[in-house]
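This is a predicted model, so every value here is computed, not measured. Sequence lines set the chain letters: A, B, ... in the order given, protein chains first and strands last, and positions in each chain run from 1.
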There are 4 protein chains.
Amino acid sequence: MTTPPSARPRVRATASKKRLFAASMQLLGARGPNAVSVDEIAQMAGVSKGTVYYNFGSKDEMIGQVLEFGADMLVAELDQAAANPKPREALRAMATIAVEFVEKYPSFAQIWISEQLRPESDWGDQITPVYSRVTSTLVEVLDRLVILAPEEKQPAATAIFGAALFSARMRTVSDNVADREATLNAVLYSVEGLLATHQHVVP
Amino acid sequence: MTTPPSARPRVRATASKKRLFAASMQLLGARGPNAVSVDEIAQMAGVSKGTVYYNFGSKDEMIGQVLEFGADMLVAELDQAAANPKPREALRAMATIAVEFVEKYPSFAQIWISEQLRPESDWGDQITPVYSRVTSTLVEVLDRLVILAPEEKQPAATAIFGAALFSARMRTVSDNVADREATLNAVLYSVEGLLATHQHVVP
Amino acid sequence: MTTPPSARPRVRATASKKRLFAASMQLLGARGPNAVSVDEIAQMAGVSKGTVYYNFGSKDEMIGQVLEFGADMLVAELDQAAANPKPREALRAMATIAVEFVEKYPSFAQIWISEQLRPESDWGDQITPVYSRVTSTLVEVLDRLVILAPEEKQPAATAIFGAALFSARMRTVSDNVADREATLNAVLYSVEGLLATHQHVVP
Amino acid sequence: MTTPPSARPRVRATASKKRLFAASMQLLGARGPNAVSVDEIAQMAGVSKGTVYYNFGSKDEMIGQVLEFGADMLVAELDQAAANPKPREALRAMATIAVEFVEKYPSFAQIWISEQLRPESDWGDQITPVYSRVTSTLVEVLDRLVILAPEEKQPAATAIFGAALFSARMRTVSDNVADREATLNAVLYSVEGLLATHQHVVP
DNA sequence: GATGAATGAGACTTCATTCAT
DNA sequence: GATGAATGAAGTCTCATTCAT
């Protein structure tokens with residue numbers, strides 16, 4: 001209500017909101033939505049529970065915003081890496097970024113991976129985008145590397161994204177943490193496979 | 001399993017448990033543990049809630065058993081496919097099986113993918129095994145295909161598993177469902193990549 | 001149902017019933033009715049839960065019978081001690097018996113002490129008797145010792161009974177277990193008090 | 001209800017907790033912990049069940065606090081009566097107080113008497129103190145009356161406490177309620193006994 | 001802007017009891 | 001006589017949400 005007539009309706013972040021954001025990012029990123037209560041977030045943020053509702057209206061809305069924020073962060077970095085004119089290097093950089101991000105916010109990967117499910121995902125509308133935003137970037141880069149039939153593009157990007165996310169996630173869980181280099185190489189075998197089986201864009 | 005030799009139908013053995021199993025498999029497979037209540041499962045199975053506790057003791061125990069059952073199912077099929085003497089065909093068969101399984105029990109993939117997280121997963125002990133059981137089979141097959149350094153094996157298998165699971169999962173969600181063939185190919189690019197970058201076992 | 005036409009309807013105790021009795025006595029005597037489940041009793045007795053209901057009809061009925069049994073045991077011993085022609089010795093013997101009984105079945109004392117309460121005691125009808133049976137015996141003995149006004153009798157017996165039961169109970173809990181002799185003496189001060197303030201039956 | 005029309009209703013300070021306290025005191029004091037459900041307490045207090053958990057965290061914690069409160073009440077009164085310079089009068093006053101207290105909160109006596117049992121009483125830590133706090137006061141008073149050997153003190157106090165509690169309790173149950181005077185006298189026979197068998201402090 | 005007391009739906013679990021075999 | 005499977009009422013507790021201040 002009372003939406004500004006024009007200009008950016010930009011949510012003016014109060015101090016409380018910022019603290020809630022930080023706390024959520026940490027808690028959600030570490031344990032996932034279901035395992036974190038509003039009480040806990042409010043407490044870690046040092047505000048009252050009511051403040052959560054004052055600022056976000058609902059838990060789901062808050063999670064959505066946090067998730068969106070995380071997604072923006074990741075996508076921004078990926079897009080930047082994608083800008084590298086050499087597609088192979090771009091891809092390796094992107095994979096590196098993904099692995100590092102997952103290392104830092106383990107649960108985000110989990111959420112993104114898993115919440116694809118819910119037919120009518122509660123706050124899935126803010127989520128699916130991660131997948132599509134990333135794969136569309138991936139497709140662009142792949143297009144600069146090999147010549148793909150239209151129907152091959154999305155599946156290829158999906159496979160790479162899945163391999164990266166899952167591998168990264170396993171690294172954060174497994175005892176015998178594969179060293180990062182090995183993980184990156186494994187993820188990028190897909191790319192080698194594409195190169196081996198498709199015509200290159202630049203000879 | 002493996003009903004007594006003596007042939008006695010002995011059917012008395014817990015029809016309720018079977019019904020609970022079926023209901024759980026379906027509900028859990030479709031919505032995940034947190035989104036399903038014991039009430040709901042009992043109701044779908046057509047038994048009282050108490051029966052769940054009579055048969056399983058707790059919700060977690062039940063989920064654990066269902067998950068284990070699903071894992072056994074998948075792993076058994078995969079192992080069978082892995083037996084194919086030609087490793088490339090074995091891998092394609094395995095990928096096909098994975099994709100089909102996920103199609104049938106969408107949430108299982110999600111659970112397996114996502115529940116890697118919980119540091120001390122509640123019923124994770126029955127879960128992580130899926131990952132390790134599958135990757136160890138994968139490693140065996142890969143070993144019959146290309147020559148891999150020890151430290152490359154697990155990451156390679158992990159990447160393939162992740163790509164397969166995630167791609168399969170997306171197929172069940174996405175609107176523009178990639179056709180299965182395209183998905184399989186995309187998943188198997190990793191394998192092509194391995195072949196392209198490593199020495200083959202058999203020339 | 002199916003009560004024998006005549007003769008004593010004596011409950012013919014089956015083997016199962018005996019085992020249930022033994023188990024109940026032990027469990028109830030150690031933890032009290034509320035803290036013991038029918039499952040537990042049946043298990044300790046090595047019979048099925050259904051057998052409890054076949055033999056007793058209900059948990060309360062079973063508890064009642066067990067409690068009654070314990071009461072009979074105690075009362076029988078007390079009555080025997082009360083037979084001692086010298087009232088003072090009889091009283092000391094009775095106190096000794098009480099203390100020893102409580103030592104052996106701590107929870108019985110507790111139940112008897114505490115379950116006086118329930119206005120409509122669930123199985124209180126089998127219980128209150130302990131108190132009245134004991135105090136009536138006590139009154140008889142006291143009558144042989146001192147001359148009491150009618151209205152003094154019951155309160156005096158009650159006080160002695162309470163002191164004995166409670167003291168005995170504390171001995172089983174307390175760390176610094178008072179030695180039995182000291183406890184007995186303390187309980188019997190009431191008797192000395194009676195002697196000091198009332199006319200003796202025999203000079 | 002009965003919300004003050006104006007002025008600062010400032011009563012805001014947990015009126016609910018107070019009401020819960022009152023209701024608990026009454027219900028628990030009348031029927032004991034096991035026979036009272038949280039629902040019932042909440043209902044009698046006119047608050048929601050959730051409020052109980054908001055204020056106390058758990059049923060046990062609430063019971064603990066209520067019991068502690070009751071104990072404090074009783075002990076405070078007893079200590080005051082114990083201050084009477086004439087020990088015999090002090091003792092009679094203490095007995096009177098105990099009897100009256102039990103009359104008012106019948107179940108408290110029961111709980112205190114009975115919960116001595118549980119080896120590791122759930123909330124017994126708040127309970128046992130009643131016994132020791134009272135007996136230590138009793139010992140002090142007795143010391144001002146007669147000369148007792150160290151090892152006689154605790155048992156004597158225990159016997160008196162037991163006699164008083166139990167006698168008082170029986171008065172609230174029994175049909176032929178002994179008149180209070182008779183009960184008091186009976187309880188105090190122990191004291192007479194002590195006087196008759198020990199050297200007096202003051203001749 | 002913010003708070004914290006209060007709520008109530010709903011989750012999991014226990015357990016005395018019933019009944020067909 | 002005995003059993004084991006099944007039940008369902010009742011209990012404790014959690015947590016997202018509301019609202020007066």
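Nucleotide F:dA20 is matched to E:dT3 when pairs are restricted to Watson-Crick or G-U wobble geometry with both distances under 3.5 angstrom.
Regarding contacts with the backbone of F:dA6, a side-chain N or O of B:Asn55 is found under 4.0 angstrom from either OP1 or OP2. Taking only side-chain nitrogens and oxygens, A:Thr14 never comes nearer than 4.0 Å to OP1 or OP2 of E:dG1. Of the side-chain N and O atoms in D:Ser48, none sit less than 4.0 angstrom from OP1 or OP2 of E:dA6.
Remark: C1' of F:dG8 and CD of B:Gln43 are 14 Å apart, rounded to the nearest angstrom. For the pair D:Ile41 CD1 and F:dT12 C1', the interatomic distance rounds to 12 Å; values are reported in whole Å. In this entry the distance linking OH of D:Tyr53 with C1' of F:dG11 reads 8 Å, nearest Å. As rounded to whole Å, 17 Å separates atom P of F:dT14 from atom CG of A:Asn34. Atom CD of C:Glu61 is separated from atom C1' of E:dT17 by 15 Å (rounded to the nearest Å). Between the OH atom of A:Tyr54 and the P atom of F:dA16 there is a distance of 22 Å, rounded to whole Å. Whole-Å rounding puts the C:Asp60 CG to E:dC15 P distance at 15 Å. A:Glu40 has its CD atom 16 Å from the P atom of F:dT17, to the nearest Å.
Salt bridge B:Glu40/B:Lys49: absent, no basic N to carboxylate O contact under 4.0 Å.
In this structure the side chain of C:Met44 reaches within 4.5 angstrom of the side chain of C:Leu27, judged on heavy atoms. When side chains are defined from C-beta on, A:Lys17 counts as touching A:Phe56, because their heavy atoms get closer than 4.5 Å. When side chains are defined from C-beta on, C:Met73 counts as touching C:Phe69, because their heavy atoms get closer than 4.5 Å.
Residue contacts shown for A:Val52 are absent, as no nucleic acid heavy atom lies under 4.0 Å away. Contacts of D:Thr51 with the nucleic acid, taken as non-hydrogen atoms under 4.0 Å apart, include base atoms.
Residues D:Val36 and C:Gly46 both approach DNA chain F. Their nearest nucleotides, taken by heavy-atom distance, put C:Gly46 toward the 5′ side. Two residues, C:Gly57 and D:Val47, neighbour DNA chain E, and the one matched to the more 5' nucleotide by heavy-atom proximity is D:Val47. Between A:Asp39 and D:Val38, the residue whose closest nucleotide on DNA chain F is further toward the 5' end is D:Val38.
Residue-to-nucleotide contacts include no donor-acceptor pair under 3.5 Å from the side chain of B:Lys49 to the base of F:dT7.
Here the CE atom belonging to C:Met62 is positioned 8.0 Å from the CG atom belonging to C:Leu28, to the nearest 0.5 angstrom.
Which of F:dT12, F:dT17, F:dA2 sits closest to the side chain of D:Lys59 comes down to F:dT12.
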